[in-house]
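Accompanying notes for the structure given below.
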Amino acid sequence: MAIHLTKESKILVQGMTGGEGMKHTRRMLAAGTNVVGGVNPRKAGRTVDFHDRPVPVFGSVAEGMDATGADVTVVFVPPAFTKAAVTEAADAGIGLAVVITEGVPVHDSVAFLDRARKRGTRVIGPNCPGLISPGQSGAGIIPADITKPGRIGLVSKSGTLTYQLMYELRDIGFSTCVGIGGDPVVGTTHIDCLTAFQDDPETDLIVLIGEIGGDAEERAAAYIRDHVTKPVVGYIAGFTAPEGRTMGHAGAIVSGSSGTARAKQQALEAAGVRVGRTLTETARHVLAVLDSGA
């Protein structure tokens, strides 16, 4: 089993015929993902061949869903068109929209996330690497060859840190890895994924990767304390960030002691989470918990 994405998922790619869309569609197909179509109104009716795998292009998400039964869309469109793309997908009734695009204006994200909630569409992102259920399916840009199926669930704000921890624990493997994105406003939160992993019978341990800025990790810590019975291991990026310095990541807004790595670490540890100061130390914590059977 996995959360949000399984081998049964049928995936459309909005922006498939663009440079990034073509590259990552090719990689998704090579990993065994069931990509059933692309969406581009200007190229509707064409077929794109990916290593002898023909993928049709539809004029709209609704058309693609009607023709293929797709239940997931991955969005590779420029920031200026992302609001329209996600709104179209939500209005078509797609179950999951994975928004890879970086640089989406916050007011656009607020608008399309509100529309998606009202339509019952889960959004992951924007500005995220997507998600992967190793051995089953991947939607986005997470490499499929750096780990294997296993019983660890991973939720992370950072794409790069997601890949590194997946590699660190490649001999153990993962049920699902979800990169939720680091923008100030995202569609799926740490808490959403914690809930899903808690309910997933094939996830034995959860890893939470956060970063300085905001209070998402503190809220996740409170949720873990009250609702999560499975062991959780954490990592917070930004322990070495200089005080009083504006950081580059869109979500990294620190005010006083609030939002610092230390404050997040304390909140998580108070909820029973082991927190590593490096990813390697975090991986060691995971191995220790698994070895102890806790």
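In this text, all values refer to a predicted model and were calculated from it rather than measured experimentally.
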Which pair of heavy atoms, one from [X] and one from [Y], lies closest together, and at what distance?
X: His51; Y: Arg26; result: NE2-CD, 3.4 Å
X: Gly69; Y: Lys10; result: O-CD, 3.8 Å
X: Ala92; Y: Val61; result: CB-CG1, 3.9 Å
X: Gly187; Y: Leu113; result: CA-CD2, 3.5 Å
X: Met166; Y: Phe174; result: CA-CE1, 3.5 Å
X: Ser109; Y: Pro126; result: OG-CG, 3.5 Å

Test item: [X] and [Y] side chains (from C-beta on) under 4.5 Å apart, heavy atoms:
X: Leu96; Y: Val98; value: yes
X: Leu12; Y: Val74; value: no
X: Tyr163; Y: Cys177; value: no
X: Phe112; Y: Thr121; value: no
X: Val228; Y: Ile206; value: yes
X: Thr17; Y: Val48; value: yes
X: Thr147; Y: Leu169; value: no
X: Thr162; Y: Leu154; value: yes

Between the side chains of [X] and [Y], does any donor sit under 3.5 Å from an acceptor?
X: Gln136; Y: Thr6; result: no
X: Arg151; Y: Thr203; result: no
X: Ser158; Y: Glu211; result: no

[X]-[Y] co-clustered via ILVMFWY side chain contacts under 4.5 Å:
X: Val275; Y: Val155; answer: yes
X: Val186; Y: Val99; answer: no
X: Val106; Y: Val75; answer: yes
X: Val57; Y: Met28; answer: yes
X: Val72; Y: Ile142; answer: yes

Once you round to the nearest 0.5 Å, how far does [atom1] of [X] lie from [atom2] of [Y]?
X: Leu161; Y: Ile209; atom1: CG; atom2: CD1; value: 5.5 Å
X: Arg219; Y: Ile224; atom1: CZ; atom2: CD1; value: 12.5 Å
X: Leu208; Y: Lys157; atom1: CG; atom2: NZ; value: 9.5 Å
X: Ile180; Y: Ile124; atom1: CD1; atom2: CD1; value: 9.5 Å
X: Met16; Y: Thr73; atom1: CE; atom2: OG1; value: 11.0 Å
X: Lys264; Y: Tyr235; atom1: NZ; atom2: OH; value: 13.5 Å

Handout entry: Test log, rule side-chain contact (heavy atoms from CB on, under 4.5 Å), inputs Glu168 and Val286
Key = CA-CA 10 Å; Glu168 292 264 3; Val286 170; over 6 Å; no

Do side-chain atoms of [X] reach the backbone of [Y] as a donor and acceptor pair under 3.5 angstrom?
X: Lys230; Y: Phe197; answer: yes
X: Asn40; Y: Arg42; answer: yes
X: Thr33; Y: Ser137; answer: no
X: Ser175; Y: Ile152; answer: yes
X: Thr87; Y: Lys83; answer: yes
X: Gln198; Y: Leu194; answer: no
X: Ser133; Y: Thr176; answer: no

Practice task
Could you walk me through whether Asp108 and Val110 pass side-chain contact (heavy atoms from CB on, under 4.5 Å), step by step?
Solution key: CA-CA 5 Å; Asp108 282 359; Val110 170; over 6 Å; no

Handout entry: Which residues share a side-chain contact (heavy atoms from CB on, under 4.5 Å) with Leu29, sequence neighbours left out
Key = Thr25, Val35, Phe50, Arg53, Val55

Practice task
Determine, step by step, whether Val178 and Ile3 satisfy the side-chain contact (heavy atoms from CB on, under 4.5 Å) criterion, reporting the C-alpha distance in whole Å, the side-chain angles of both residues, the deciding distance to 0.1 Å, and the verdict.
Solution key: CA-CA 9 Å; Val178 187; Ile3 69 166; 4.0 Å; yes

Exercise for the section: Under the side-chain contact (heavy atoms from CB on, under 4.5 Å) rule, what do Thr188 and Cys193 come out as? Steps first, then yes or no, please. Expected result: CA-CA 7 Å; Thr188 294; Cys193 292; 3.8 Å; yes

Problem - Evaluation steps, side-chain hydrogen bond (donor to acceptor under 3.5 Å, both in side chains), between Thr195 and Asp192 - result: CA-CA 5 Å; Thr195 303; Asp192 294 327; 5.7 Å; no

Exercise for the section: Could you tell me whether Arg274 and Glu269 make a salt bridge, using a distance below 4.0 angstrom between a side-chain N and a carboxylate O? Expected result: no

Exercise for the section: Using the salt bridge (Lys or Arg N to Asp or Glu O under 4.0 Å) rule, collect all pairs that involve residues 84-107, keeping only residues at least two apart or in two chains. Expected result: Asp91-Arg115, Asp91-Arg119

